[in-house]
Amino acid sequence: MLDSALKEQLKGIFDGLGANFTFDISVSSQHENRNELLELLEDVAACSDHLTCSVNEGDRLEFTILKNGVRTGITFRGIPNGHEFTSLLLAILNLDGKGKNFPDEGVCNRVKALKGPIHLTTYVSLTCTNCPDVVQALNAMTTLNPSISHEMVDGALNQEEVEALKIQGVPSVFADGKLIHVGRGEFGELLAKLEEQYGVDEASLSTEEKQYDVIVAGGGPAGVSAAIYSARKGLKVAIVAERVGGQVKETVGIENLISVPETTGSELADNLKTHLLRYPVDLLEHRKIEKVELVGKEKQVTTSVGEKLTTPALIIATGASWRKLNVPGETEYIGRGVAFCSHCDGPFYVGKHVAVVGGGNSGIEAAIDLASICSRVTVFEFMDELKADQVLQEKLRSLSNVEVFVSSQTTEVIGNGDKLTALRVKDRKTEEERVIELDGVFVQIGLTANSGVFRDLVETNRPGEIVIDAFCRTNVPGIYAAGDVSTVPYKQIIISMGEGAKAALSAFDDRVRGNI
């Protein structure tokens, strides 16, 4: 199954393994995918003397990883091909203490303090680009805390189970039978949900206090740019972020970043992190800023991990998030007909009728993508005309199974208690309402500024953007804002990078002049 070049790579990856690992396989001799699973795992095991396979007769297809003969709590109910192959490799490396995707000590300590036992199950699609992030995060938590167990379930091989649970979006994470998460998720977000459900042994945690010259909130293009420019001035800098890359990581293709003809969001996020780590910046990833207080000229920042950070200069670059419709039924049916990522959840709607709400670039790109697998795609745009680039509109018009309605306001998501069945849509010109029967809806209506925690601190406009001047200064001395979270016009990657640099230079100038 694995070609010779990949096997040679795996030999190098596993060369330093210290422990012995066993793929403890349980599979029915009649299972149609038995040979495929065995071939994959035997090929992987052949790449190291520290890896072996043990095959047992079972009712279904699954395997658990054993370390030195002891169950680790990490199980795969499926064949970890595609994007999940990396999840398998990282699970082994993490268990051996050589993994690269563990968070910093502060976050790891929060995981270790989770109260168990906790049994997690994640339903995935092997074509989903967001699923591996969730699987790998939960596997890492399992490695850190022995009271946690986690199994990845391939929905395609366990369709009856998926249908019984009424799953229509991936990844779907269940904690002891309770659905706690659907869709893209970062380590910190998942940890927060587990903390909410299971609690944390606070007595085992210590509060850390640190002083910085500059703290940057947010890890997208603006935040990374601000951190690099500040570090280049010789300042002590920390960047607090849920993830490096921010919203960029969800962008599939990027063709307007000048001097880089073509890249992807994932590649750009990796490059941002690589560049950032060339400088002595404290990267505090997988957490949010929960509170900011002013004490004289100092800004005291409290993070979701419990840290207390102090700085005279705070640069807010928290970006923006996908907007929701905020109509009745939407929240109830997220993951059960309401989706936000056509690449991840599109495969659930093969041959079905779906809607896309939003006529901007993201909406029309989603409609084009879905048209290749769905029987019918209906686009609803609130304004009187589509807002997407002309080239995208021309492509859309060439598709025979796509229909477009402008001046259309979605007023309600309708379902039968199990899943979405229809949308209620109002014609804004005639005020006429109609109910359109659908199998799913993909919401693509733009972004909203991630400014909530700062709104009582600095001036914001009605949409929630932080008001800045030409130098990225807010109305509070020593607090700056850059990128999509601010009032800067045109939310573009290249503009955010420039704004981050500008905010850092403004903060340095204010420092030199004694203004902060």
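Positions are given from 1, in the same order as the sequence printed here.
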Open item on the list: Any donor-acceptor pair under 3.5 Å linking the side-chain atoms of N139 with those of H150?
Closed with: yes
Task: Under-4.0 Å salt bridge between D510 and R473 - done: yes
- [ ] Examine the side chains of Y198 and D176 and answer whether a donor and an acceptor come within less than 3.5 Å of each other.
- [x] yes
Task: Rounded distance (nearest 0.5 Å) linking atom CD of E437 with atom OG1 of T421 - done: 7.0 Å
Open item on the list: I'd like to know if the side chain of T302 pairs up with that of E290 as donor and acceptor (distance under 3.5 Å, no hydrogens or angles considered).
Closed with: no
Task: Close side-chain approach of V292 to Q300, heavy-atom, < 4.5 Å - done: no
Open item on the list: Does atom CD (Q390) have a neighbourhood of more than 12 heavy atoms from anything else shown, all under 6.0 Å?
Closed with: yes
Task: Any side-chain heavy-atom pair of P132 and E84 under 4.5 Å - done: yes
Task: F187 six-ring face occupied by R243 cation (under 6.0 Å, within 45°) - done: no
TODO: Give a yes or no on whether a salt bridge exists between E499 and K491, defined as a side-chain N under 4.0 angstrom from a carboxylate O.
DONE: no
Task: F340 six-ring face occupied by R184 cation (under 6.0 Å, within 45°) - done: no
Open item on the list: For E196, I'd like to know if atom CD has over 12 heavy atoms of other residues, nucleotides or ligands within 6.0 Å.
Closed with: no
Task: Cationic N near anionic O, under 4.0 Å, E394 to R397 - done: no
Open item on the list: Could you work out, with side-chain contact (heavy atoms from CB on, under 4.5 Å) as the rule, every residue matching L294, not counting sequence neighbours?
Closed with: K299, L457, V476, I479
Open item on the list: Ignoring hydrogens and geometry beyond distance, is a side-chain donor-acceptor pair present between T264 and S266 at under 3.5 Å?
Closed with: no
Open item on the list: Can you confirm whether the side chains of E36 and N81 place a donor and an acceptor under 3.5 Å from each other?
Closed with: yes
TODO: Considering only NZ, NE, NH1 and NH2 on the basic side and carboxylate oxygens on the acidic side, decide whether K288 and E186 come within less than 4.0 Å.
DONE: no
Task: Salt bridge flag under 4.0 Å for residues R110 and E202 - done: yes
Open item on the list: Listing request: all side chain to side chain donor-acceptor pair (under 3.5 Å) pairs with a residue in residues 377-389, at least two apart in sequence or in separate chains.
Closed with: H353-T378, N361-D389, T378-E403, D384-S407
Open item on the list: Listing request: all side chain to side chain donor-acceptor pair (under 3.5 Å) pairs with a residue in residues 317-337, at least two apart in sequence or in separate chains.
Closed with: E250-W322, S321-N450
Task: Ring center gap for F174 and Y123 short of 6.0 angstrom - done: yes
Open item on the list: Whether R287 and E242 form a salt bridge (side-chain N of Lys/Arg under 4.0 Å from carboxylate O of Asp/Glu) is what I want to check.
Closed with: no
- [ ] Scan side-chain atoms only and decide if N256 and Q492 contain a donor-acceptor pair under the 3.5 Å cut-off.
- [x] yes
